[in-house]
Amino acid sequence: KLELLMDLTLPVAIELGRTNMLIRDVLDLQRGSVVEFEKLASEPVDVLINGKKMAEGEVVVIEKHFGIRITNLVEASERVRGLGR
């Protein structure tokens, strides 16, 4: 039965960090503005699949493209449970 699901496509996103901003600060954003995140540069980024955290990793550059090297996976049972929501 699981074979039927193997060809489904899910959205994958990488989250560098989060922050809260005042509306006035959002409206003041312009080209060249810097938005500082709460996460430190040395911390791993989150790998979100279908909006749920599935792994953590570090940003790598492959030729001219960004990639993620997975360093930590969420437990398999949690990953499967997260995909259903």
Side-chain angles (χ1 to χ4, degrees):
K1 294 181 181 181
L2 198 54
E3 281 298 314
L4 296 172
L5 301 176
M6 293 302 178
D7 289 332
L8 291 178
T9 302
L10 297 173
V12 177
I14 306 304
E15 186 175 87
L16 295 173
R18 292 180 183 216
T19 193
N20 292 310
M21 295 177 68
L22 297 171
I23 291 175
R24 76 171 62 81
D25 295 334
V26 172
L27 295 174
D28 285 342
L29 289 174
Q30 55 188 305
R31 181 174 285 178
S33 294
V34 175
V35 176
E36 187 174 341
F37 295 118
E38 295 169 352
K39 192 175 271 196
L40 300 174
S42 59
E43 290 184 75
V45 295
D46 293 334
V47 178
L48 306 172
I49 300 177
N50 206 28
K52 302 293 183 186
K53 182 176 175 180
M54 296 291 164
E56 294 177 339
E58 57 189 27
V59 178
V60 296
V61 177
I62 304 167
E63 295 180 15
K64 295 181 181 182
H65 300 276
F66 288 113
I68 301 296
R69 178 177 293 119
I70 303 297
T71 57
N72 188 32
L73 287 170
V74 172
E75 291 293 327
S77 61
E78 289 296 316
R79 281 184 276 158
V80 171
R81 197 171 313 136
L83 290 176
R85 295 180 186 160

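The structure presented is a predicted model; accordingly, all values stated were derived computationally and were not measured.
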Examine I70 and L10 and state if one hydrophobic cluster contains both, with Ile, Leu, Val, Met, Phe, Trp and Tyr joined whenever side-chain heavy atoms are less than 4.5 Å apart. yes
Enter the distance from I23:CD1 to D28:CG here, rounded to the nearest 0.5 Å. 12.0 Å
Just so I know, are the side chains of P11 and N50 near enough to count as touching, which here means a heavy-atom distance under 4.5 Å? yes
Answer whether the closest heavy-atom distance between the side chains of M54 and L73 falls below 4.5 Å. no
Any donor-acceptor N/O pair, K39 side chain to T19 backbone, under 3.5 Å: no
In the structure I gave you, are the side-chain heavy atoms of M21 and L29 within less than 4.5 Å of one another anywhere? yes
Candidate pair E56 and D46, rule side-chain contact (heavy atoms from CB on, under 4.5 Å), full reasoning: CA-CA 5 Å; E56 294 177 339; D46 293 334; 3.8 Å; yes
Starting from the C-alpha separation in whole Å, work towards a yes-or-no answer on side-chain contact (heavy atoms from CB on, under 4.5 Å) for V61 and F66. CA-CA 5 Å; V61 177; F66 288 113; 4.1 Å; yes
E43 and E38: which non-hydrogen atoms are nearest, and at how many Å? OE2-O, 4.5 Å
Applying the 4.5 Å side-chain criterion to the ILVMFWY set and letting contacts propagate, would F37 and L48 be lumped into a single cluster? no
V60 side chain reached by I68 side chain, heavy atoms, under 4.5 Å: no
Tell me whether the count of non-hydrogen atoms from other residues, nucleotides or ligands lying under 6.0 Å of CG in L5 goes above 12. yes
Report whether M6 and L8 are members of the same hydrophobic cluster (ILVMFWY, side-chain heavy atoms less than 4.5 Å apart, transitive linking). yes
Please answer: with hydrophobic residues joined when any side-chain heavy atoms are less than 4.5 Å apart, are V26 and V35 in the same cluster? yes
